[in-house]
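Written out below as structure tokens is the structure these notes cover.
Chain letters run A, B, ... following the sequence lines, proteins first and then strands; every chain starts at 1.
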Number of protein chains: 2
Amino acid sequence: MVVDELTDDEVNRIFRALADATRRDIVRRSLVFTLSVSELADAYDMSFAAVQKHVALLEEAGLVSKEQRGRERIVRADLERIRRAQRYLDHFEQIWRSRTDRLDALLAEDETTSH
Amino acid sequence: MVVDELTDDEVNRIFRALADATRRDIVRRSLVFTLSVSELADAYDMSFAAVQKHVALLEEAGLVSKEQRGRERIVRADLERIRRAQRYLDHFEQIWRSRTDRLDALLAEDETTSH
DNA sequence: ATAAAGTACAACCAAATGGTTGTAGATGAG
DNA sequence: CTCATCTACAACCATTTGGTTGTACTTTAT
């Protein structure tokens, strides 16, 4: 059984990490290519340290992991974490459905009680 | 035809807005109930103005809209916007798939060329 | 053995966040 | 009309964010 519960804090970090275009691009690139932090950094018009910080944020959110290979750190995106975020959003859909279901039940009840 | 394109800035705002537990709770509540800003504010241990700001952020993200009713503003969650965010995340899945598809194609090519 | 490459990390800064209080404008109730 | 309610908005403050530069450590290359 897979425990599919994310704490509020984890959800915060995931969405926070996704709320930046550079970080989303880093995720995309590392989904497709095998890239080190400095190779990633080359793609953006900002300092290495800035990109490093973005990767760190993604890592704290669990959207990315780093693997040492020689003197490089290879960044790997974790697609499963993205799927989790997606499934988390299902939650809202379910809440909405259960609300309308209850309304439906209420209406149905009205009908039965009214005749 | 529905143009389903979100700008980087819109995506930023949507995920930023979702990256806070209070705001996610506001979305949940306003999905289920018909609530004014002050009714929402009663649910949280913070000032009215603070909740007002959260609602404003959600509104800027398009996750919520306000409708005037007398002196109250009724907050309504927009489920469609949440679905959009979900579909946006599909994007990553597709990128990953197309990457492995390309790898598969490469491997298939290798097989045909190797015998 | 050096030098260069890749990374980590600290210190710093401007801007944005998440909260507060206070004031003022609409609107509904008595 | 007057008062209470609901909201808007500004000013303020502490913390976080997103960037910078600089220094130091590890690993590879010459």
Side-chain angles (χ1 to χ4, degrees), chain A residues 7-30 33-77 85, chain B residues 7-30 33-77 85:
Chain A
T7 66
D8 270 357
D9 211 62
E10 284 177 303
V11 179
N12 289 354
R13 275 197 277 255
I14 292 173
F15 286 130
R16 187 77 203 73
L18 289 171
D20 180 280
T22 302
R23 287 195 291 266
R24 290 192 299 272
D25 196 66
I26 289 175
V27 171
R28 271 182 232 114
R29 282 173 194 266
S30 52
F33 307 105
T34 298
L35 295 168
S36 67
V37 179
S38 57
E39 283 170 329
L40 276 168
D42 289 342
Y44 308 103
D45 189 29
M46 65 182 79
S47 69
F48 171 77
V51 175
Q52 213 177 9
K53 281 201 198 174
H54 282 306
V55 172
L57 269 184
L58 286 167
E59 200 176 11
E60 281 165 33
L63 288 164
V64 137
S65 63
K66 279 184 293 188
E67 187 193 349
Q68 180 154 9
R69 208 170 69 184
R71 64 185 156 186
E72 300 182 329
R73 305 298 152 96
I74 304 301
V75 178
R76 254 172 24 106
Chain B
T7 66
D8 271 356
D9 211 62
E10 284 177 305
V11 178
N12 289 353
R13 275 198 278 252
I14 291 173
F15 286 131
R16 188 78 203 74
L18 288 172
D20 180 280
T22 302
R23 286 194 292 264
R24 290 192 299 274
D25 196 67
I26 289 174
V27 171
R28 271 183 233 111
R29 282 174 193 265
S30 52
F33 306 105
T34 298
L35 296 168
S36 67
V37 179
S38 58
E39 282 171 330
L40 275 169
D42 289 341
Y44 308 103
D45 190 27
M46 64 181 78
S47 69
F48 170 77
V51 175
Q52 213 178 10
K53 279 200 198 177
H54 282 306
V55 172
L57 269 185
L58 287 167
E59 200 175 11
E60 281 165 32
L63 288 164
V64 135
S65 62
K66 278 184 293 188
E67 186 194 347
Q68 180 155 9
R69 207 171 68 185
R71 63 186 157 185
E72 300 182 330
R73 304 298 151 97
I74 304 301
V75 178
R76 258 173 22 111

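Listed by chain and number, the residues in a side chain to side chain donor-acceptor pair (under 3.5 Å) with Thr22(A) amount to none (sequence neighbours excluded). Judged as a salt bridge (Lys or Arg N to Asp or Glu O under 4.0 Å), and not counting sequence neighbours, the contacts of Asp9(B) are Arg13(B). Partners of Glu60(B) under the side chain to side chain donor-acceptor pair (under 3.5 Å) rule, at least two apart in sequence or in another chain, do not exist in this structure. Among residues two or more places apart in sequence or in another chain, the side chain to side chain contact (heavy atoms under 4.5 Å, CB included) test is passed with Ala49(A) by Ser47(A), Gln52(A). Looking at residues two or more places apart in sequence or on another chain, you find no side chain to side chain donor-acceptor pair (under 3.5 Å) involving Asp20(A). In terms of the salt bridge (Lys or Arg N to Asp or Glu O under 4.0 Å) criterion, Arg16(B) has no residue partners (sequence neighbours excluded). Residues meeting the salt bridge (Lys or Arg N to Asp or Glu O under 4.0 Å) test with Asp25(B), sequence neighbours left out: Arg28(B), Arg29(B).
For the contact set between residues 58-67 of chain A and DNA chain D, defined by any heavy atom under 4.0 Å, there are no members.
Straight-line distance from the CD atom of Glu39(A) to the C1' atom of dT7(C): 13 Å, rounded to whole Å. A straight line from CZ of Arg13(A) to C1' of dT16(D) spans 14 Å, rounded to a whole angstrom. The CD atom of Gln52(B) sits 17 Å away from the P atom of dT23(C) (whole-angstrom rounding). One atom, CD1 of Ile74(A), and another, C1' of dG6(C), lie 11 Å apart when rounded to the nearest Å.
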Show which side-chain atoms of residues 61-77 of chain B pair as donor or acceptor with protein atoms under 3.5 Å away, not counting sequence neighbours.
unit_1	atom_1	unit_2	atom_2	d
Lys66(B)	NZ	Glu59(B)	OE1	3.4
Gln68(B)	NE2	Gly70(B)	O	3.1

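Residue side chain Glu72(A) does not reach the base of dA5(C) through any donor-acceptor N/O pair under 3.5 Å, judged by distance alone.
Axis deviation across the helix from dA1(C)-dT30(D) to dG30(C)-dC1(D) amounts to 20°, comparing end segments of five pairs, rounded to 10 degrees.
The shortest non-hydrogen separation linking Ala17(B) to Leu57(B) is CB-O, 4.3 Å.
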Does the protein touch nucleotides 15-21 of chain C at the base, only the backbone, or not at all? Give it as B, S and - per nucleotide, heavy atoms under 4.0 Å. --SBBBB
Reading 5' to 3' through nucleotides 24-30 of chain D, protein heavy-atom contacts under 4.0 Å coded B for base, S for sugar-phosphate only, - for none: ---BB--
Does the pair Phe15(A) and Ile14(B) meet the rule for a side chain to side chain contact (heavy atoms under 4.5 Å, CB included), with working shown? CA-CA 9 Å; Phe15(A) 286 130; Ile14(B) 291 173; over 6 Å; no
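A distance-only check finds a donor-acceptor pair linking the side chain of Arg24(B) to the backbone of Leu18(B) [under 3.5 Å].
The closest side-chain heavy-atom distance from Leu35(B) to Ile26(B) is not below 4.5 Å.
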